[in-house]
Amino acid sequence: MLLNDKTVIITGASRGIGAAAALECARQGADLVIGYSGSPSSKGHVDELIQQIEALGRKAVAVGAPAEDPDTGEALVAAAVEHFGGVDVFVNNAGICPFHSFLDMPRETYLKTVDTNLNGAYFAVQAAARQMKEQGRGGAIIAVSSISALVGGAMQTHYTPTKAGLLSLMQSCAVALGPYGIRCNAVLPGTIETDINRDDLSDDGKRQYMESRTPLGRLGNPDDLAGPIVFLASDMARYVTGASLLVDGGMFVNLQ
Ligand SMILES: NC(=O)C1=CN([C@@H]2O[C@H](COP(=O)(O)OP(=O)(O)OC[C@H]3O[C@@H](n4cnc5c(N)ncnc54)[C@H](OP(=O)(O)O)[C@@H]3O)[C@@H](O)[C@H]2O)C=CC1
Ligand SMILES: C[C@H](O)[C@@H]1OC(=O)[C@H](O)[C@@H]1O
């Protein structure tokens with residue numbers, strides 16, 4: 001049990017990578033605060049996830065609130081304090097990637113992407129860190145960044161800066177929060193099959209191209225991220241801070 005009796009908050013945990021990470025945290029002994037957008041269409045996923053967590057003998061509560069709202073982080077932390085007495089691990093995972101070309105990028109698409117992926121994350125990380133500092137027992141903060149923090153995408157000009165921003169935020173927070181024993185790290189997934197890229201990968205040519213770029217020979221699935229996130233959350237990574245962990249099947253290093 002790597003996270004026995006720890007309290008973990010994960011944003012964007014109704015589906016995909018966040019849900020897989022939440023379940024693995026529960027398997028490793030943690031109680032969970034499940035963040036999601038509050039959309040009624042996601043409530044069913046959240047209820048099912050909570051049932052799965054409870055079947056593992058752990059507890060979970062959900063907070064439906066938009067990631068782009070600067071107050072959402074405080075709401076997530078308040079739920080953790082109310083239900084579980086504090087927070088040990090904060091995973092900033094909520095994100096969107098509405099693929100769109102650069103020259104005709106709608107201003108609202110750009111602003112929504114930056115607000116959801118980066119601006120909201122800043123205040124959520126700040127809220128979690130303030131609570132961890134007050135508790136005085138350290139903590140772990142993990143941002144789900146991306147391989148796209150390191151490389152570009154013609155249809156992702158609004159998205160890749162948010163992922164580079166999250167990576168940079170973890171580096172600076174590692175410095176700012178190290179004195180309180182709070183570790184800050186980033187995971188950088190490659191291409192992981194989830195709802196975020198279902199339409200994009202329905203193009204057979206695009207899918208085959210992404211698979212062909214991956215030395216391990218397949219695209220990722222959400223469970224591939226669960227272990228790396230739990231590792232960074234746990235005391236196994238007690239001397240790891242300011243680090244970034246590519247979880248991409250080798251895609252980034254595959255030049256030729
Ligand atoms: N899949 C991939 O290939 C990669 C993904 N990532 C990153 O991983 C993270 C998770 O993505 P993934 O699991 O693939 O995507 P999914 O679309 O499967 O899940 C997205 C999650 O984010 C939540 N979310 C979306 N918008 C908001 C919002 N405005 N407020 C609160 N929550 C919101 C969703 O909640 P709800 O159900 O309520 O909408 C959902 O829980 C993202 O940050 C993404 O950028 C990084 C690299 C690669
Ligand atoms: C949504 C994309 O398919 C996915 O997200 C990222 O961060 C990478 O660019 C992946 O390909």
Side-chain angles (χ1 to χ4, degrees), residues 9-23 33-49 62-73 75-76 91-100 111-121 123-124 142-167 169 186-203 206-207 209-211 213-214 218-226 228-229 244-249 251-252:
I9 300 172
I10 306 183
T11 70
S14 54
R15 305 179 270 141
I17 291 169
L23 260 184
V33 175
I34 306 295
Y36 75 111
S37 68
S39 157
S41 62
S42 294
K43 182 72 169 50
H45 296 298
V46 171
D47 290 343
E48 195 180 322
L49 178 62
V63 175
E68 60 271 33
D69 182 341
D71 292 330
T72 288
L76 291 162
V91 182
N92 195 91
N93 168 72
I96 56 172
C97 183
F99 286 78
H100 204 289
L111 292 173
K112 168 89 174 163
T113 303
V114 175
D115 281 343
T116 303
N117 294 5
L118 182 60
N119 292 336
F123 294 108
I142 297 147
V144 180
S145 170
S146 171
I147 188 175
S148 297
L150 309 177
V151 290
M155 302 291 277
Q156 296 176 306
T157 58
H158 49 333
Y159 173 80
T160 60
T162 69
K163 293 294 154 177
L166 284 173
L167 173 56
L169 179 64
V187 290
L188 279 56
T191 296
I192 312 299
E193 292 194 79
T194 68
D195 292 341
I196 206 172
N197 49 27
R198 193 170 303 283
D199 287 349
D200 189 50
L201 295 174
S202 66
D203 174 337
K206 173 78 182 275
R207 186 191 180 81
Y209 171 71
M210 299 309 276
E211 282 173 353
R213 289 208 51 172
T214 310
R218 65 169 175 86
L219 301 182
N221 59 65
D223 284 338
D224 292 325
L225 269 298
I229 289 171
S244 52
L245 179 51
L246 271 164
V247 187
D248 68 344
M251 185 187 278
F252 178 71

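Bear in mind the structure is a predicted one, so any value in this text is a computation, not a measurement. Order of appearance sets the numbers: ligands from 1, and atoms from 1 within every ligand.
Close contacts of ligand 1 with G16, meaning ligand atoms under 4.0 Å from a residue heavy atom, involve 13 (O), 18 (O). Below 4.0 Å from some heavy atom of A13 lie the following atoms of ligand 1, by number and element: 41 (O). Per-residue contacts place P66 under 4.0 angstrom from the following atoms of ligand 1 (heavy atoms of the residue considered): 30 (N). Annotation for ligand 1: atoms under 4.0 Å from non-hydrogen atoms of I96 are 25 (C), 26 (N). Annotation for ligand 1: atoms under 4.0 Å from non-hydrogen atoms of D195 are 17 (O), 18 (O).
When the heavy-atom distances from atom 25 (C) of ligand 1 to G95, G120, S37 are ranked, the shortest goes to G95.
Contact annotation: the side chain of P161 never approaches that of V114 to less than 4.5 Å [non-hydrogen atoms, C-beta and beyond]. Looking only at side-chain heavy atoms (C-beta outward), T214 and T191 stay at 4.5 Å or farther from each other. Two residues are said to be in side-chain contact when any heavy atoms from C-beta on lie closer than 4.5 Å; Y36 and R15 fail this criterion. Using a 4.5 Å cut-off on side-chain heavy atoms (C-beta onward), D224 and R218 make contact.
Checked by atom type and distance alone, the side chain of T11 pairs as donor or acceptor with a backbone atom of A94 at under 3.5 Å. Judged by distance alone, the side chain of K163 and the main-chain N or O of L150 form no donor-acceptor pair under 3.5 Å. Between the side chain of N93 and the main chain of A13, no donor-acceptor pair closer than 3.5 Å is present.
Contacts between I17 and ligand 1, counted as non-hydrogen atom pairs separated by less than 4.0 Å, involve both the backbone and the side chain. Neither the backbone nor the side chain of E193 comes within 4.0 Å of ligand 1, counting heavy atoms alone. No part of S148 comes within 4.0 Å of ligand 1, judged by heavy-atom distances. When non-hydrogen atoms are compared, ligand 1 lies under 4.0 Å from the backbone of S145 (N, CA, C, O) but not from its side chain. Contact annotation for T11 and ligand 1: no heavy atom of the residue comes within less than 4.0 Å of the ligand. Proximity of C97 to ligand 1, defined as any heavy-atom pair under 4.0 Å, is not found for any part of the residue. When non-hydrogen atoms are compared, ligand 1 lies under 4.0 Å from the backbone of N93 as well as from its side chain.
At a 3.5 angstrom cut-off on N or O pairs, A67 counts as close to ligand 1. On a distance-only criterion, T191 and ligand 1 share no N/O pair closer than 3.5 Å. Between G18 and ligand 1, no N or O atom pair is found at a separation short of 3.5 Å. For ligand 1, one of its N or O atoms has an N or O atom of N197 under 3.5 Å away. Considering backbone and side-chain atoms alike, G35 places every N or O at 3.5 Å or more from each N or O of ligand 1. An N or O contact shorter than 3.5 Å is missing between S39 and ligand 1 by distance. Of the polar atoms of K163, at least one N or O is found under 3.5 Å from an N or O of ligand 1, judged by distance alone.
Contact shell of ligand 2 (protein heavy atoms, cutoff 4.0 Å): C97, F99, S146, S148, Q156, Y159, G190, T191, I196, N197.
Under the rule for a side chain to side chain contact (heavy atoms under 4.5 Å, CB included), the partners of P66 that lie at least two apart in sequence or sit in another chain are E68, D69, T72. Annotation: salt bridge (Lys or Arg N to Asp or Glu O under 4.0 Å) contacts of R207 (sequence neighbours excluded): E193, E211. Checked against salt bridge (Lys or Arg N to Asp or Glu O under 4.0 Å), E48 has no partners two or more places apart in sequence or in another chain.
Ion pairing of K112 with D115 is absent here, as no side-chain N (NZ or NE/NH1/NH2) approaches a carboxylate O to less than 4.0 Å.
Nearest protein neighbour of atom 3 (O) of ligand 1, counting heavy atoms only, is I192 N, 2.8 Å.
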